[in-house]
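Notes to accompany the following structure.
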Amino acid sequence: MAAAASMMPIFGHQISSKNDLVPDWNREEVSTGTTIMAVEYDGGVVIGADSRTTTGAYIANRVTDKLTRIHDRIYCCRSVLVPLQEDSRVLVQFGFYVELDEPPLVETAANLFRASCYRYREELMAGILVAGWDRRKGGQVYCVPIGGMLVRQPVAVGGSGSTYVYGFMDSNYKPGLNKDQCLELTASALSLAMERDGSSGGVIRLASISEDGVERRVILGDQLPRFSTH
Amino acid sequence: MEKHYTDSKVKGVSTGTTILAAIFDGGVVIGSDSRASIGGEYVSSKTINKVIQVHDRIFCCMAGSLADAQAVIKSAKSHLSFHSVQMESPPLVIAAASILKELCYKNKDELQAGFLTAGWDGKKGPQVYVVSLGGMLISQQVTIGGSGSTYIYGYVDAKYKPNMTREECLQFATNALALAMGRDNVSGGVAHLVVITEKGVEHVVVPGDKLPRFNDE
């Protein structure tokens, strides 16, 4: 979404809107540059995201909730380059399951997202993480990257800030972590990404989903994990 | 002129590489991967050494256009040895970094090259300097560069501690390079590391099969 250069009058002179003096937040679109992460553990999943939404250089919302509830035990988070209007469709399709009084499978939710992302892969660009718990396969994390592929992974990161924490994630994730270790790993990785990525920041929102339900928590700015800085 | 250098503009001429330098207690480690690729599709060399010696205890790693970087380093080496003869003493690390900076800044319109300079001198001990693409010079404790560096920012932020021992720092550098090589398709091969201390210079090469493995799925 390239902003067309236009002229703005400032102090009687015409000045290009690409000049540093002209604020960009009145012509940039809302973007959810972000960092999102999900980890499976034995018995459930942990899903987390930062909380910053930007319009150009202006932070439109610094406490966004990017964890979207799809169903009782299925959550998703999105990193969006072009807005996705299909969410409401996905949620309506889930109404169908609720009527049959049968909890949906996480894989089904992920597949519905994948179908939308793949069908409209030319127009929209979104990376989605779907995480949840169901009776059949326990805790699962599904990754639907740009283009519309679907793959299940024990741990997945996404969004603009994710590139900075691939190394950290590769070195710190081991199979067989418990819920608290997963929460700590997610909080640390999100905190590191938020420190390096300009489009990610604010607070860390976490949700842990298991058979017993969903537990949500927020880690505020002054409680973020700190690392020895240099 | 656009306010930001967009990622794609810089990546277009970025050497597919991962370079890093880190200070430990008593010295500095500088290292890189060893892959040279053409367009991200063909690996033209698996064992290229990207750590260049510019003086006895001063080494450089290059980022950006390889051709520009080689030309700048060649010129800098001759300036530095002349300077060292004039001063009748080994050059300071900041002298080497400043020479690179002058070349990069004065010719910023034609060049696309950045450098990591690491070394030891008698005045300030171990130092690491970064000369960025436009010719800014800053001193840092630890720094990473190249296309593979984006993947290890989190790891370096989390794991680097000031005043590590030589072994800890070597392990940290090897791990960081291995993680970057694992995610970046234009970084790979062996890890070339150089340890510079008051006593001298040591080259450490970690071949591909000896690199640390992290949950390779």
Side-chain angles (χ1 to χ4, degrees), chain A residues 2-3 5 16-24 28 33 35 37 39 56-57 143 151-157 159-177 184-200 224-230, chain B residues 1-8 11 18 20-24 28 33 128 130 138-144 146-164 168-169 171-185 187 211-217:
Chain A
S16 164
S17 61
K18 288 190 174 179
N19 187 301
D20 279 355
L21 293 172
V22 177
D24 62 356
E28 291 284 335
T35 313
M37 181 164 168
V39 192
C143 191
V151 64
R152 180 181 173 185
Q153 287 175 228
V155 56
V157 291
S160 56
S162 67
T163 51
Y164 303 109
V165 291
Y166 275 115
F168 178 80
M169 192 187 82
D170 285 341
S171 61
N172 282 63
Y173 172 76
K174 293 161 215 344
L177 296 172
E184 201 187 308
L185 176 69
T186 310
S188 300
L190 288 172
S191 174
L192 286 164
M194 280 152 60
E195 212 168 304
R196 286 287 179 179
D197 181 29
S199 317
S200 303
L224 290 174
R226 287 248 163 123
F227 299 90
S228 124
T229 44
H230 35 266
Chain B
M1 202 64 204
E2 284 293 335
K3 181 162 63 159
H4 306 287
Y5 261 101
T6 57
D7 231 30
S8 55
K11 263 199 187 134
T18 312
L20 73 72
I23 296 180
F24 64 90
V28 57
D33 71 307
V128 169
V130 184
I138 51 171
S139 165
Q140 290 193 285
Q141 292 274 305
V142 61
T143 186
I144 51 181
S147 59
S149 67
T150 53
Y151 306 107
I152 48 173
Y153 272 105
Y155 179 78
V156 168
D157 284 344
K159 286 295 192 234
Y160 176 78
K161 314 252 172 300
N163 295 320
M164 289 191 279
E168 283 173 347
C169 195
Q171 188 62 54
F172 159 79
T174 313
N175 288 351
L177 286 173
L179 287 164
M181 292 195 255
R183 285 287 178 179
D184 184 28
N185 65 331
S187 298
L211 283 172
R213 308 187 73 128
F214 299 93
N215 278 322
D216 277 338
E217 296 176 43

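Naming convention: chains lettered A, B, ... in sequence-line order (proteins, then strands); numbering from 1 in each chain. This structure is a prediction, so every number in the text was calculated from the model and none was measured.
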What's the separation between atom CG in A:D197 and atom OH in B:Y153, rounded to the nearest 0.5 Å?
12.0 Å

Approximate separation, where rounding is to 0.5 Å, of A:R196 CZ and B:D157 CG
4.0 Å

Are any of the side-chain heavy atoms of A:N172 and B:K159 separated by less than 4.5 Å?
yes

If I compare all heavy atoms of B:G154 with all of A:F168, which pair ends up nearest, and what's the gap?
C-CB, 4.0 Å

